[in-house]
2 protein chains.
Amino acid sequence: MVTIYDIAKKASVSPMTVSRVINNSGNIRVATREKVEKAIKELGYVPNSAARSLTSNQTKTLGLILTDISNPFFSKIARGAEDAAVETGYRVLMSNTDEDSEKEINYIDMMLSARVDGVLIAPTSDKTLDQIKRLRQHNIPVVLIDRTIEGFVGDYVLGDSYEGSRKLVEHLIEYGHRNIALINGPSNVSTARERQRGYLETLKLNDLPVHENYISEIDFKSVQAGNTKSIVDQLIQLNEKKRPTAIFAANNFIAISVMKALKELGLHVPNDISVVCFDEVEPVVYFDPFFTVAAQPAAELGKVGVKFLIERVEQKNVDQERKIILPPDIHIRKSTRKIE
Amino acid sequence: MVTIYDIAKKASVSPMTVSRVINNSGNIRVATREKVEKAIKELGYVPNSAARSLTSNQTKTLGLILTDISNPFFSKIARGAEDAAVETGYRVLMSNTDEDSEKEINYIDMMLSARVDGVLIAPTSDKTLDQIKRLRQHNIPVVLIDRTIEGFVGDYVLGDSYEGSRKLVEHLIEYGHRNIALINGPSNVSTARERQRGYLETLKLNDLPVHENYISEIDFKSVQAGNTKSIVDQLIQLNEKKRPTAIFAANNFIAISVMKALKELGLHVPNDISVVCFDEVEPVVYFDPFFTVAAQPAAELGKVGVKFLIERVEQKNVDQERKIILPPDIHIRKSTRKIE
DNA sequence: TAATTTTATGTTACCGGTAACCGAAAGCGC
DNA sequence: GCGCTTTCGGTTACCGGTAACATAAAATTA
């Protein structure tokens with residue numbers, strides 16, 4: 001591997017001079033600079049970040065901890081985050097926790113040993129707080145993305161689950177629906193809690209009753225419709241009066257598994273039942289917009305998250321926490337129908 | 001930041017002993033080991049990879065250079081790759097070239113300065129060969145994924161574009177289609193070339209003519225249906241005899257933009273025209289399988305790619321190049337229709 | 001018990017950069 | 001031409017680990 005010493009020898013200067021040329025620091029005569037630059041080019045020298053980071057105490061690397069990059073919502077966050085990072089000269093280490101706190105701990109270890117300058121994380125649960133503390137003990141700034149957790153004090157960038165939820169349910173009510181079921185994600189995830197809160201409050205404000213078995217909870221990523229079918233089945237089995245005319249799926253994956261279950265049960269959307277959900281169901285939306293959704297600005301979440309993180313890393317605006325909550329876009333499409 | 005020296009002081013041993021405990025190397029008395037481990041735990045010490053890599057000459061980090069991680073096909077590759085990497089104790093630096101060789105060069109620089117142990121790359125074009133050479137000059141193994149390029153000698157892991165293409169076109173022919181248009185990706189990408197080759201050969205084998213204007217070329221990621229509409233329009237304008245009854249879109253994005261264009265032109269799929277494409281159109285496929293596709297095992301591509309890469313990094317099986325070509329799965333669904 | 005081997009730990013130097021300090025050369029005024 | 005300032009470049013030490021060598025302590029043998 002070519003080092004600064006090889007360049008120094010070739011250009012017959014000291015390594016320090018080479019370092020100065022590379023970093024544009026100190027005073028260097030033009031002739032010397034050219035000599036050095038020529039040697040660098042000829043030997044194809046590229047500085048060793050590891051060596052640099054040893055003295056500078058920064059790695060120009062950020063950790064991105066998401067649940068699953070192959071989930072379109074998160075892959076967009078990742079894309080936005082990566083774009084913002086390179087733009088500012090940072091690299092991104094990626095990881096997938098699958099909502100598993102064991103994995104999460106391992107990734108935190110990885111980020112720690114990699115001495116990343118900061119971490120952008122969608123926490124798996126409130127337990128993540130311990131891991132965040134661990135990062136902070138090592139002076140690594142953390143910004144939360146997509147979700148908050150109990151007891152967290154610091155910057156975060158979220159979609160507005162509560163507001164999106166309110167609007168989706170209001171839309172359903174406007175369309176004449178009075179029996180609206182919620183198939184939620186796990187309640188240890190803040191977005192699920194917020195969506196439920198929005199759902200309940202909207203019903204309340206409209207004097208609509210909440211039936212016991214209208215709310216159920218499944219995995220946020222269960223595309224395979226494991227227990228979704230039995231949940232949907234139970235909803236359908238309810239007597240005429242109570243049977244929901246609309247289902248609010250807490251995210252796109254749940255919506256898909258709901259659609260699958262409905263189909264298997266021989267029900268048509270939206271003729272027999274309406275469906276709304278959070279997050280865009282891509283990419284079909286481009287040619288056949290079907291789902292009525294609350295679309296979150298995922299790439300923007302990633303971008304803003306990294307922006308905040310880098311500001312923390314570089315100690316700008318350290319004064320107070322920033323909590324950004326980006327509103328979703330409501331798209332009313334073909335999965336919902338006016339009734340009565 | 002806690003260092004090995006802090007631990008050494010706390011445990012009143014030498015730094016070297018701490019290093020030995022951490023790496024389980026050499027002989028350490030149980031009592032000493034426990035002393036050191038206690039100190040490590042108490043101070044929350046995590047080894048500094050940068051310092052380590054300086055002597056070991058390896059970073060345990062791989063570079064993943066894809067065109068766009070928010071494209072579901074690539075996000076699955078990324079997921080598979082990351083999974084295989086962590087499993088073997090490697091980290092992954094991610095990047096998005098957007099098919100732009102300028103960006104690609106910058107990322108190569110980044111990988112070089114990060115001293116990644118290896119690079120898994122979906123090259124933007126034949127020009128990428130220069131960058132691969134650059135990596136190799138620095139002894140960094142490279143494995144290609146999804147695409148090859150002219151003049152590349154080394155390992156690669158691809159989907160079988162030729163075979164998938166053949167099967168898709170054969171399916172159309174079986175369904176009675178004789179006029180089949182191809183809307184391809186850019187011909188500087190090997191997958192596009194291979195898909196065209198499969199298309200042409202299948203037509204030839206079936207004694208079907210290729211009309212001049214049956215083949216067109218657009219961006220692999222043009223969801224926005226920029227010029228797709230004019231291309232589709234031209235195809236439709238052809239006289240009765242020549243007008244295609246089926247369109248072969250070279251990937252899912254193109255398929256979507258074709259669908260959009262057809263819809264805008266008032267044509268129904270598959271009643272008026274059939275459509276097939278490469279890559280699954282997710283996630284709607286789970287509840288409403290619509291597209292007839294050649295689905296590539298994207299996650300598998302990533303996994304195998306990283307496996308090969310790590311073997312190169314760790315100098316196993318260095319004897320010869322391995323070229324893995326994974327067959328796609330053909331799914332015949334509702335976007336194609338029997339005619340005549 | 002002394003000599004020898006084995007085990008356990010310490011010392012030194014180096015990986016590839018850079019900060020801090022220092023000295024030589026060049027520019028400047030008189 | 002002499003002293004002084006500025007410019008330019010070199011030396012040294014250190015960042016946090018570890019390989020290689022050295023040595024002390026314990027175990028084994030004679």
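Because the structure is a prediction, the values reported are computed rather than measured. Protein chains get the first letters and strands the later ones, always in sequence-line order, with residue 1 at the start of each.
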Quiz item: Would you call Lys38(A) and Glu34(A) a salt bridge, using N to O less than 4.0 angstrom?
Solution: no
Quiz prompt | Ion pair check, Glu99(A) and Arg147(A), cut-off under 4.0 Å | solution = yes
Self-check item: Check: Ser56(A)/Ser53(A) side-chain N/O donor and acceptor closer than 3.5 Å
Solution: no
Practice problem: Nearest whole angstrom, please: distance from the C1' of dA26(C) to the CG of Asn27(A). | Solution: 13 Å
Practice problem: Spell out protein contact along nucleotides 16-29 of chain D as letters: B when the base is contacted, S when just the sugar-phosphate is, - when no protein heavy atom is under 4.0 Å; keep the 5' to 3' order. | Solution: BBSBBB--------
Practice problem: Hey, could you give me the CG/CD1 distance between Asn188(B) and Ile149(B), rounded to the nearest 0.5 Å? | Solution: 11.0 Å
Exercise. Under the side-chain contact (heavy atoms from CB on, under 4.5 Å) rule, collect the residues that match up with Asp68(B), sequence neighbours excluded.
Key: Arg79(A), Ser70(B), Asn71(B), Asn96(B), Asp98(B)
Quiz item: When we call it a touch if two heavy atoms are under 4.0 Å apart, what does Ser53(A) touch: a base, just sugar-phosphate, or nothing?
Solution: nothing
